[in-house]
Participant: 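Take this structure first; my questions come after.
Every chain is numbered from 1 and lettered A, B, ... according to where its sequence line falls, protein lines coming before strand lines.
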Protein chains: 2
Amino acid sequence: MATAEVKLTKNQRLVLDLLCASDAPMSAYAILDQLRAEGLRAPLQVYRALDKLIGIGLVHRLESMNAFVACAHPSCHSLEMVGFAICEECGKALEFADSDIAEILSEWAGTNGFLAKSTSIEIKGTCAACQTATEHL
Amino acid sequence: MATAEVKLTKNQRLVLDLLCASDAPMSAYAILDQLRAEGLRAPLQVYRALDKLIGIGLVHRLESMNAFVACAHPSCHSLEMVGFAICEECGKALEFADSDIAEILSEWAGTNGFLAKSTSIEIKGTCAACQTATEHL
DNA sequence: ATATGTTATGTAATAATATAACACAAATAA
DNA sequence: TTATTTGTGTTATATTATTACATAACATAT
């Protein structure tokens, strides 16, 4: 099992499991609320777990939403370039990875002497399901 | 002159001029602080001006920093896809536009039935100047 | 010119997101 | 064992953003 490869602490596991169970990204405070029953009490407990999980590559941060989502490909916990298409209707985030984009960006970086550490690509719009759902209003 | 094409109100002008004069992105509250001398008093005054300027395409929002920057190409105030390479040393943001990336992303959207409204691409790292500056430490 | 609709303004209060600082406990490694 | 690192729990606070409401400025159509 992918997510067992790394030893996680209690808080880290609670946060990761919750994110994996969620069908949409969650804010740090939404995570906290859900985990109060498990004994979490302060924002910092969540933020620290998130920092670690992001560092490992098991969680991604959606910059444009201040929200967090479990990596869709936890097995390949490469920290490679992934992007998200975020539906503004249902709030779900579709993760994608595109090597072509990665290549173009690294080309740009090379040309401009920019040393890239991390990249965030976020598309906002409406997902296929929600477009269909909206059609017959 | 590019920025004269649209009629801006006093607050919008103040915010835009400040961002244009700044060599790096600014937070809303940094903007507010700078404009207290001009009579601005509340965050909302800044946020409202920013919303308008972003809508017009004269300002971009850096999602990963909660900061705002004047568009580098104010003449072509197309709302097309632009990206930023943000230097974590000096804080400056280099704006770029890449039609290849736009194409790949719109291809992905087409294939996945996603209706895209806006896209954010942000690369974090170290700019050429700061790499040079750090070399001889 | 005046009524109407729209857009912008000013202000206060508050919500939502994130971090600093400190003391302590658990796991790891020397 | 001792030292070191890593994680925990807690309080307080910093930073970013919005809600709600009242008023003013401006356009334009009668």
Participant: Provide, to the nearest angstrom, the distance between the CG atom belonging to B:Asn11 and the P atom belonging to D:dA24.
Facilitator: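 Going from CG in B:Asn11 over to P in D:dA24 covers 16 Å.
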Participant: Parallel, tilted or perpendicular for A:Tyr47 and A:Tyr29, by the 30°/60° rule?
Facilitator: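 Judged by the thresholds at 30° and 60°, the geometry between A:Tyr47 and A:Tyr29 is perpendicular.
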Participant: To the nearest Å, give me how far apart CZ (A:Arg13) and C1' (D:dG7) are.
Facilitator: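 So the CZ-C1' distance, A:Arg13 to D:dG7, works out to 16 Å.
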Participant: Indicate, yes or no, whether a donor-acceptor pair under 3.5 Å links the base of C:dA15 to the side chain of A:Tyr29.
Facilitator: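 Side chain to base: no pair below 3.5 Å.
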Participant: If you measure from CZ on B:Arg13 to CG on B:Leu53, what distance do you get to the nearest 0.5 Å?
Facilitator: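 Going from CZ on B:Arg13 over to CG on B:Leu53, the span is 8.5 Å.
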Participant: Return the value, rounded to whole Å, for the distance between atom CG of A:Leu35 and atom P of D:dT8.
Facilitator: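 Between P of D:dT8 and CG of A:Leu35: 13 Å.
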Participant: When the distance from CG of A:Leu8 to P of D:dT6 is rounded to whole Å, what number comes out?
Facilitator: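 It is 16 Å, rounded to the nearest whole Å.
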Participant: Quick one: CG on B:Leu18 to CE on B:Met26, what's the gap to the nearest 0.5 Å?
Facilitator: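 Nearest 0.5 Å value for the CG-CE distance: 4.5 Å.
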Participant: How long is the span from the SG atom in A:Cys71 to the CG atom in A:Leu19, to the nearest 0.5 Å?
Facilitator: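 Between A:Cys71 SG and A:Leu19 CG, I get 11.5 Å after rounding to 0.5 Å.
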Participant: Is B:Lys52 close enough to C:dA8 that one of its side-chain N or O atoms is under 4.0 Å from OP1 or OP2 there?
Facilitator: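 True: B:Lys52 side-chain N/O within range (under 4.0 Å) of C:dA8 OP1/OP2.
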Participant: Within the structure, does a side-chain N or O atom of A:Gln45 lie under 4.0 Å from either OP1 or OP2 of D:dT8?
Facilitator: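 Looking at the OP1 and OP2 atoms of D:dT8, neither is under 4.0 Å from any side-chain N or O of A:Gln45.
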Participant: Could you encode protein contacts along nucleotides 20-29 of chain C as a string, one character per nucleotide from 5' to 3', using B for base contact, S for sugar-phosphate-only contact and - for no contact, with a heavy-atom cut-off of under 4.0 Å?
Facilitator: BB------S-
Participant: As a quick check of understanding, evaluate side-chain contact (heavy atoms from CB on, under 4.5 Å) for B:Cys130 and B:Cys87, giving each step before the final call.
Facilitator: CA-CA 8 Å; B:Cys130 287; B:Cys87 178; 3.7 Å; yes
Participant: Rounded to whole angstrom units, what separation is found between the CG atom of B:Asp51 and the P atom of D:dT16?
Facilitator: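 Interatomic distance, CG of B:Asp51 to P of D:dT16: 16 Å.
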Participant: Among C:dA18, D:dG7, D:dA17, which nucleotide has an atom closest to any side-chain atom of A:Ala28?
Facilitator: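 Ranking C:dA18, D:dG7, D:dA17 by closest atom to the A:Ala28 side chain puts C:dA18 first.
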Participant: Would you call A:Lys124 and A:Glu122 a salt bridge, taking side-chain N to carboxylate O under 4.0 Å as the test?
Facilitator: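 Judged by the 4.0 Å cut-off on N to carboxylate O distance, A:Lys124 and A:Glu122 do not form a salt bridge.
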Participant: Tell me: NZ of A:Lys10 to C1' of D:dG7, nearest whole Å?
Facilitator: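 Result: 11 Å.
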Participant: Which nucleotide wins on minimum distance to the side chain of A:Ala42, given the candidates C:dT11, D:dT11, C:dG10?
Facilitator: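 Comparing C:dT11, D:dT11, C:dG10 against the side chain of A:Ala42, the answer is D:dT11.
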Participant: Considering only side-chain heavy atoms of B:Tyr47, which listed nucleotide, C:dG10, D:dT16, C:dA8, is closest?
Facilitator: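 The answer is D:dT16.
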Participant: What's the CE-P distance between A:Met65 and C:dA16, to the nearest Å?
Facilitator: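 Going from A:Met65 (CE) to C:dA16 (P), I get 14 Å.
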Participant: Send over the distance from B:Leu14 CG to C:dA8 P, rounded to a whole Å.
Facilitator: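 Nearest whole value for this atom pair: 15 Å.
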Participant: Return no unless some side-chain N or O of B:Asn66 is found under 4.0 Å from OP1 or OP2 of D:dA17.
Facilitator: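 Answer is yes, contact under 4.0 Å.
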Participant: Given D:dT10, D:dA17, C:dA8, identify the nucleotide with an atom nearest to the side chain of B:Thr9.
Facilitator: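 It is C:dA8.
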Participant: Checking contacts here: which listed nucleotide (C:dT9, D:dT10, D:dT18) is nearest the side-chain heavy atoms of A:Arg41?
Facilitator: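 Looking only at side-chain atoms, A:Arg41 lies closest to D:dT10.
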Participant: Indicate whether the side chain of A:Lys117 and that of B:Thr126 have a donor and an acceptor atom separated by less than 3.5 Å.
Facilitator: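 The answer is yes; a qualifying pair exists.
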